[in-house]
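Single-structure report; data block below.
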Amino acid sequence: MRDAGTTWAGTHRFGALGVVEASTVAQVQEAVRTAPGRVKALGTRHSFNDIADTDGTLVTVTGIDGTPFIDVTDPSHPTVTTPAGIRYGVLGRWLQERGWALHNTGSLPHISLAGATATGTHGSGVLNGCQSTALSRIEFVDAGGDLCTIRHMHPEFPAVAVGVGAFGIITELSLTVQPTYDVRQDVYVGLPWEVLLDHARDVLADAYSVSIFTTWTEDTVQQIWRKSGVRAGAEPPDEWWGATRQAVGDTRLVDGDPGALTPQGIPGPWIDRLPHFRLTHTPSNGEEIQTEYFVPMEAAGDALAAVRALGDRIVPHLLVSELRAVAADDLWLSGAYGRETLAIHFTWAPHPEPVRALLPEIERALAPFDARPHWGKWHAFDGAAIARVTPRLADARAVFETLDPAGRFVNDYLTRLGIREPRAPRLDG
């Protein structure tokens with residue numbers, strides 16, 4: 001086993017005894033059965049806290065090879081089955097070459113399917129559910145090292161679909177797919193803040209996927225990335241909600257490399273437009289901290305105004321914020337469970353102490369709106385706060401306790417937030 005190292009951006013150093021780099025499912029099973037201490041799955045490390053850490057052994061599934069395959073046995077519900085550690089960008093290219101697509105992606109194509117779906121990571125679009133809503137089947141290694149499968153019809157599927165690593169190590173996933181489609185990405189600048197506060201949902205609903213970038217203190221929103229479906233003869237408007245379409249080639253995020261961004265101004269395949277960044281470029285590696293909160297879309301204007309009131313405190317430590325829409329779903333630990341959602345994301349400069357001090361202030365400002373945190377990013381919630389905003393928390397915990405009664409997959413993060421029951425440290429294999 002090698003040293004566990006750090007997360008993608010260096011925001012957390014793993015305390016695990018080491019990492020087992022599995023290349024087969026059998027090696028995952030063996031590690032769960034015999035590795036010292038407890039075990040946890042490790043993906044592409046794009047988390048910012050200790051969600052994937054353990055006092056025992058990490059097991060990474062990103063090295064498990066396997067060719068995805070398309071199943072059209074039910075033409076009304078075609079699926080792709082794929083190794084869980086594959087990156088979205090890699091799977092997306094494979095699907096595109098065969099005429100298929102996913103309904104959405106996150107902003108980064110570099111992250112693994114298992115890690116993104118297990119944390120309810122999303123994308124944007126008022127009609128687009130988080131990436132976990134595409135799941136139809138999950139294969140995982142359970143606490144005894146046995147290979148198990150759960151399908152979307154199972155009554156416990158809503159617990160494990162966004163399972164935050166609490167019940168096993170996911171090795172294979174099946175996701176719903178659809179025929180491929182093209183998207184055009186255009187950037188707008190100059191949206192007045194008062195328009196956004198009064199019409200947040202309307203702006204976010206005005207294209208297939210919309211991302212709004214801000215630093216909170218400007219008079220007009222910094223940028224809006226409008227990703228629209230392509231229709232014959234349709235051209236994006238030059239003026240939109242009081243904002244102006246930017247010339248192609250003028251766009252950058254913060255001070256990043258413009259060449260790292262996905263193409264703008266011309267239609268192209270979904271996998272080359274829905275992510276913000278190209279798979280060939282890894283943005284901001286080691287130079288940021290991330291936080292994200294989910295609030296009901298019906299309270300979007302008030303929630304944004306509450307954060308904006310803290311703008312002078314936020315801006316010295318902020319690189320940029322991104323605002324996105326997520327459709328409501330029925331997955332128990334999803335940030336969008338039961339409600340159409342506004343996602344308020346913060347990409348912070350690497351200022352850990354000031355950021356830690358700011359998080360409780362932001363969370364108090366968003367408390368009236370029952371804000372939920374993104375599981376894989378920095379936040380200051382404790383178990384009581386999580387319980388207040390997560391209606392099915394106790395139900396999910398009961399499922400995880402049944403699947404893993406000895407606590408093989410328990411860690412400090414899960415017990416701190418009340419997702420698993422606490423246990424004494426496990427020292428044996």
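Just so it is clear, the structure is predicted and the values come from calculations on it, not from any experiment.
When each of Glu292, Gln131, His374 is tested with His122 by the rule side chain to side chain donor-acceptor pair (under 3.5 Å), just one qualifies, namely Glu292.
Judged as a ring-ring contact (aromatic ring centres under 6.0 Å, His included), the pairs with a partner in residues 61-104 (not counting sequence neighbours) are, in order, His77-His152. The side-chain hydrogen bond (donor to acceptor under 3.5 Å, both in side chains) contacts involving residues 158-173 comprise Arg137-Glu172, Glu139-Thr171, where partners must be two or more places apart or lie in separate chains. The stretch residues 15-37 participates, sequence neighbours left out, in no ring-ring contact (aromatic ring centres under 6.0 Å, His included) pair at all. Applying the ring-ring contact (aromatic ring centres under 6.0 Å, His included) test to every pair with at least one member in residues 37-64, sequence neighbours left out, gives these pairs: Trp8-His46, His46-Phe48.
Minimum interatomic distance between Ala143 and Asp404 (heavy atoms only, all atoms of both residues): CB-OD1, 3.3 Å.
With respect to the salt-bridge test (charged N to carboxylate O, under 4.0 angstrom), the residues Arg392 and Asp330 do not qualify. A salt bridge links Arg423 with Glu401: at least one charged nitrogen is closer than 4.0 Å to a carboxylate oxygen. The residues Lys227 and Asp186 are annotated as not salt-bridged, no charged nitrogen and carboxylate oxygen being separated by less than 4.0 angstrom. In this structure, Arg324 pairs ionically with Glu322, as a charged nitrogen and a carboxylate oxygen lie closer than 4.0 Å.
Residues Phe167 and Phe140 place their aromatic rings such that the two centres sit under 6.0 Å apart.
Remark: Phe14 pairs with His12 by the ring-ring contact (aromatic ring centres under 6.0 Å, His included) rule, at least two apart or across chains. Partners of Thr79 according to the side-chain hydrogen bond (donor to acceptor under 3.5 Å, both in side chains) rule, which considers only residues two or more places apart in sequence or in another chain, do not exist here.
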Notebook entry, point to check: Between Thr117 and Ser132, does a side-chain hydrogen bond (donor to acceptor under 3.5 Å, both in side chains) hold up when you go through it step by step?
Noted result: CA-CA 4 Å; Thr117 55; Ser132 315; 5.2 Å; no
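Ring pair Tyr293/Phe346 is perpendicular by interplanar angle, where above 60° counts as perpendicular and below 30° as parallel.
Defined by atom type and a distance below 3.5 Å, a donor-acceptor pair is present between the side-chain atoms of Gln96 and Thr180.
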